[in-house]
Participant: 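Have a look at this one.
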Amino acid sequence: MIEVENLRKDYLVKGAKEGIFSRGKQKKRAVSDINFTIHPGELVGYIGPNGAGKSTTIKMLTGILLPDGGTVRIDGLDPFHQRKQNCRNMGVLFGQRSQLWWHLRLDDTYRLLKHLYEIPDQQYKARLSTLREILELDEFWQQPVRQLSLGQRMRGELAAALLHNPSYLYLDEPTVGMDVLVKERIRELLGEINRRDGVTILLTTHDLEDVERLCSRVMVINHGNLLYDGTMAELRRRCPADSSVTIDIDGEPSLPDSLRNVKREGNRVSFNFSRHMGEGELLAKVISQNHVRDISITEPPIEDVVRDLYEGGEAK
Amino acid sequence: MLRKCKMFCHRIAWFFQLCGMTLSMCWRGYISHKGWSALVHGIGLIVGYLGDYVVLYSMIMNFPGIAGFTALDVCFLYSMGLICYALGNIHTREFWKIDDLVLRGGLDLYLVRPVSPLVQMFVRDIQVGYISHLILGLGCMLMVKGMSGIPWDLTHWALFFFSILAGSVVMSGISLIATPLSFWWGKSRSVTGFIRGGLRGTLHYPVTIYPKFIQLLIYIIPYAFVAYYPCLYLLGKDTSPKAVLYPFISMLVGIAANFAFWVFWRLGLKKYNSAGG
Amino acid sequence: MKLYAYFLMAYFSLKESLTYWKDYISFIIFSVFRLVLQLCAWYALYHSVDFSPVMGRSYETMITYYLVMEIVGNFTSANGIAGTLEQRMSSGEIATDMLRPAAPRGILIARSWGEKLYYFIPSVLIFFASVVVVGGIQLPASPGVFTAFLLSLCLGYLINLTFELVMATFAFWFVEVNTLRWFVSFFTALSGTAVPLWLFPSWLQAVCRALPFQAAAYIPMQIYLGGTSPAEIFSAFGTQVFWIIGLFLLQEWLWQRGKRRIVVLGG
C-alpha cells in the first residue's frame, strides 16, 4: 500500500536578474500537500501538464528525492531513508531513458540485473520465461538492443523493470513517442501485468487515451495541487464539457427553444447537451415530443474534460 | 562476528563477479559495435601514441638531458604516465557524462536500484579500448629498461608493480575529484576538462622543470605522484633510502584523493536528493 | 552573393560557439597552460646546455618557433571537417546538403572557419601576450619575408584542408575518421608542430620531407625564421602547391566515386 500524507516539495529557482550580480532565488512549490492512498493491485493514471509536479511526485515515491514535508510510506517503508530495501520491491521505467545496454542483447542486461538484485537462479529462470511469454520477447531475443524498434525496446524495458518481481511499478511516460498501434499494444501488456501478477501500477502520461483505456483510477495534478482523484466515469460526470447528441426524426421535428447549438440536416438533428447542468429533462422532452428513429450520444473528448479541470484549478 | 565476516566476504565476491560480468559486457559491446574496426582502432591508438615517443625522444636526444633525466628516462616516465592513465581511468568514463546525467536525470536510473550508484557507475562503461595504452606503455617501458641497462633486483620489480598500482589509484582520484561539481553548477566540464586534459601534459617531464606555482598545482591535483615520484627510485635518480618510500606515499595520496572524491560525491548527492536535477 | 552566404554560415557557427563562454574561457586557460608547460620544457632543456645554440639554433629561435607555431598550427589546421563530413555521409544528410544551392563541402568549410576563428583568436592573443611577457621574440627579417610567410601560411591551410577532405572521403569506404585520425596523429607529430624538424635525425627528416604534413606547418615557420633565400622560398611554394594539387585531385576522384554511392544509398 502506498500512503502519501501532506507531501510537499519546493524548488529553488533562479529568479529574474536583480542588478548585475545578485540573482534572486525564489521558492517554487512543485508539489503542495498532496494526500492519497493506493491499494495493492490498483492501476492508477497520474496526469497533468508539463511541470505540474508529476515527475517530482514519482521521484519522491521512488526515493530519489527527499520530501520537504509530509510523509511517504510504501508498505510501511520510507522510500528515501530505506531506499535500498524499498528498491527491491519496485520497478521503475522512464520512457525517455533506457536502462538496456545498447550494443548487447536483452539477456545480457537481464543477467546483470539478476546479479544486482541478487535473484536466485531458480526464481530468475521462472520469471524470465514468464516475461518472455507475456511480453513476447522471443521474436527479437537474438538482436542487439540498438536494432530494436521503439515498441520492442519498451517491451524489453518492461521486462527489465519487472524481473525482480516487484509489487510496485512506476512508469514515467511509458508511451511517449510511439505510434498508435504500438501504444495500444503496450497498454494491453500493462493491463495484463496488472491483472496477472497483481502488480500495483502508477503511470504518468501526457496521453489521456492511455488513462482512459487502462486505468481504473485517475489522479490529476496541476501547479502542484491534486485536483482530482477518482474514477474516470466520475471525472466525466463532474465535468461541465458538452456531450453532443444526434437524433434521426420522422416527420417535422419540434424542438424546445432552450436547446444549444442546434444543427439540422434534413431529418437529422444534432445539438449539445451537458449532464452537468441537469439538462437530462430537456433530452427527455425532445425524445417524447418527436418520433425518434435513432439516437447517438457522443461523450466529450477526455482532453476537454481535463482541460476544464486544469482551468478550474488555475482559477483557484 | 563470524557472520559479519562471512557477509563481508560474500559482498566482496559479489563485487568481483559484478566486475567480471560488466567487463565481459563492455568487451562484447565494443566488439559488436565496432567489429573488425575495433582492432584497427586499437592499432591506431598505438601508432598515434608512438608519435609522442618520437617527439619526446628526438627532442631531448639533442641535449644532455632535462633536469637530470635523459631521453630514455623521459620515455620511461611517459610510459609510466600512459599505463597509469589507462589503468586509473578504466572505471571513470561514466563520470565524463556527469553533466548530462545530472541535468537530464540519467542519475535517477542508478538511484532506483538496491546498489550504491557509485558502484554501478564504476562498472557501467569499462574502457576496454585502453588495452592499447597498456600494450604500448608496458612494451616501451620494458624496452627502455633494456636499453638503459640498469640492473633491477627483486625490490625494483616489486616496487615497479606497486608503483603502477599506486599511480593508477592517484590517476583515478584525479579524474574523479572534480566531477561532483556538476551537482552544484550543472556543468563541470570546463573544470574536469582542464584537470583531465590541460594538466595531463605535466606527466611527461620531471616536475622540477616547472615554476613553483605549477608544482604547487600538481601537488594539489596530484599529477606529480602518478609517475614522477614512483619513478625516482626505479630510474635511480634518488639514491637516498627514503626514495623507496615514494611509491607508498603515492599510494597514500591516491587513497586520500579518492576518499576526498567520495566525501565530495556524498555531499553532491545529498544536494541532488533535496533539489533534484 | 554566394560568397556572402558562406560568410553568414561562418558567422553563425562562430556565434554558436561563443554562447558556451564558460567552455571558451576554460579553453583559453587550457591553451595558455599547455603552452607554458611546453615552454618550461624548452627552458629546462636549454638550461642543460647553458643556453648555447643546439643544432645551430639559439634559445630565442626555439622560443620564437614555439610561439609562432601556436598561430601557424591553429591557422593551418582543418581538423573537424572530416568528422562532420563523415557523419553527414553515413547518416545520409549529405543527400539533402546536395540539394541546396551551396556546395556541401563549401558549407562545411565555411562552418569550420567559424569555429576556427573561435580557436584562432585566443592563439593570436596568447602570442601577443607572450611577446610582451617573454620579450625577445624574433620578428621576420623584412616585410618581404613576412609577406612570403603569410602566403605560405595560406597554402599550408589549403594542404591541410585538402588532406582533411581526402580523409573524409577515404573514411567513407574504409575506417572511421576517428580511427584514421589516430594513425594520422603519428604523422602530424612529424609535421613540425610539436618539435622543429631540425632536431630529428637526418633520416627522419628525409621521411618527413616526403610527407605533406611538414609542408603545411614547417615550411611557413622556416620562412618566418629567415635564412632562406628567395630561390628557396619559391621552391618551398612549389612544394606546397604540388601537395595541394595532388591532394585535391585525389580527394576529387574519391569524392566523385563517393557521391555516386551516396546517391545509391539515398535513393
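Every heavy atom of this structure was used, including side-chain atoms; hydrogens, water molecules and symmetry mates were not. Since we're looking at a predicted model, the values are computed, not measured. Proteins get letters first, then strands, A, B, ... in listed order; numbering begins at 1 in each.
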Participant: Show your working on side chain to side chain contact (heavy atoms under 4.5 Å, CB included) between B/Tyr110 and A/Gln99 and close with a plain yes or no.
Facilitator: CA-CA 9 Å; B/Tyr110 293 113; A/Gln99 55 192 322; over 6 Å; no
Participant: Nearest 0.5 angstrom please: A/Ile64 CD1 to B/Asp108 CG, how far?
Facilitator: 4.0 Å
Participant: With chain B as the partner, which of A/Leu66, A/Asp108, A/Asn86, A/Thr62 has the greatest number of non-hydrogen pairs under 4.5 Å?
Facilitator: A/Asp108
Participant: Take a 6.0 Å sphere around CZ of B/Arg266 and say whether it holds more than 12 heavy atoms from other residues, nucleotides or ligands.
Facilitator: no
Participant: So which of A/Val92, A/Thr109, A/Asp68 has the largest heavy-atom pair count under 4.5 angstrom toward chain B?
Facilitator: A/Val92
Participant: Count the heavy atoms of every other residue, nucleotide or ligand shown that sit under 6.0 Å from CZ of B/Arg104, and state whether that count exceeds 12.
Facilitator: no
Participant: Does any part of the side chain of A/His164, heavy atoms only, come nearer than 4.5 Å to the side chain of B/Pro114, both counted from C-beta?
Facilitator: no
Participant: Take atom OH of B/Tyr219 as the centre, draw a 6.0 Å sphere, and report whether it contains more than 12 heavy atoms from other residues, nucleotides or ligands.
Facilitator: yes
Participant: Top residue by heavy-atom pair count (under 4.5 Å) with chain B, among A/Arg146, A/Gln85, A/Met90, A/Gln96?
Facilitator: A/Arg146
Participant: Around atom CD of A/Glu5, are there more than 12 heavy atoms from other residues, nucleotides or ligands closer than 6.0 Å?
Facilitator: no
Participant: Is the number of heavy atoms from other residues, nucleotides or ligands within 6.0 Å of CG (A/Leu148) greater than 12?
Facilitator: yes
Participant: Can you tell which part of A/Tyr170 gets under 4.5 Å to a heavy atom of chain B, answering side chain, backbone, both or neither?
Facilitator: neither
Participant: Is there side-chain contact between A/Leu112 and B/Met25, with heavy atoms separated by less than 4.5 Å?
Facilitator: yes
Participant: Can you tell me how far apart CE (B/Met21) and NE2 (A/His115) are? Round to the nearest 0.5 Å.
Facilitator: 6.0 Å
Participant: Name the region of A/Arg111, side chain, backbone, both or neither, that has any atom closer than 4.5 Å to a heavy atom of chain B.
Facilitator: both
Participant: As an exercise, state the distance from NZ of A/Lys84 to CG of B/Leu111, rounded to the nearest 0.5 Å.
Facilitator: 10.5 Å
Participant: More than 12 heavy atoms of other residues, nucleotides or ligands under 6.0 Å from CH2 of B/Trp185: is that the case?
Facilitator: no
Participant: In terms of heavy-atom proximity below 4.5 Å to chain A, should B/Ser116 be classed as side chain, backbone, both, or neither?
Facilitator: both
Participant: For atom CD of A/Gln122, is the number of surrounding heavy atoms from other residues, nucleotides or ligands below 6.0 Å larger than 12?
Facilitator: no
Participant: Tell me, out of B/Leu269, B/Thr22, B/Leu109, B/Ile31, who's got the most heavy-atom pairs with chain A below 4.5 Å.
Facilitator: B/Leu109
Participant: Pair B/His10, A/Glu118 - check side chain to side chain contact (heavy atoms under 4.5 Å, CB included), show working.
Facilitator: CA-CA 12 Å; B/His10 176 78; A/Glu118 295 174 280; 3.6 Å; yes
Participant: Does the pair A/Asp107/B/Arg28 count as a salt bridge with the N-to-O cut at 4.0 Å?
Facilitator: no
Participant: Where does B/Val123 contact chain A at under 4.5 Å (heavy atoms): side chain, backbone, both or neither?
Facilitator: backbone
Participant: Taking every non-hydrogen pair under 4.5 Å, which of A/Pro79, A/Pro67, A/Cys87 racks up the most with chain B?
Facilitator: A/Cys87
Participant: Below 4.5 Å from any heavy atom of chain B, which atoms of A/Leu104 appear? Answer side chain, backbone, both or neither.
Facilitator: side chain
Participant: Count the heavy-atom pairs under 4.5 Å between each of A/Trp101, A/Tyr117, A/Phe80 and chain B, then report the option with the highest count.
Facilitator: A/Trp101
Participant: When you compare the side chain of B/Arg113 with that of A/Leu113, does any pair of heavy atoms fall below 4.5 Å?
Facilitator: yes
Participant: Just checking B/Trp96: does its CH2 atom have more than 12 heavy atoms from other residues, nucleotides or ligands closer to it than 6.0 angstrom?
Facilitator: yes
Participant: Would you please test B/Trp14 and A/Leu116 for side chain to side chain contact (heavy atoms under 4.5 Å, CB included) and show each step?
Facilitator: CA-CA 9 Å; B/Trp14 178 88; A/Leu116 286 179; 4.2 Å; yes
Participant: Looking only at heavy atoms and a cut-off of under 4.5 Å, which of B/Val115, B/Leu18, B/Val112 has the most pairs with chain A?
Facilitator: B/Val112
Participant: Contact part of A/Thr56 toward chain B, heavy-atom cut-off under 4.5 Å: side chain, backbone, both or neither?
Facilitator: neither
Participant: Give me the atom names and distance for the closest heavy-atom approach of B/Leu101 to A/Arg97.
Facilitator: CD2-NH1, 4.4 Å
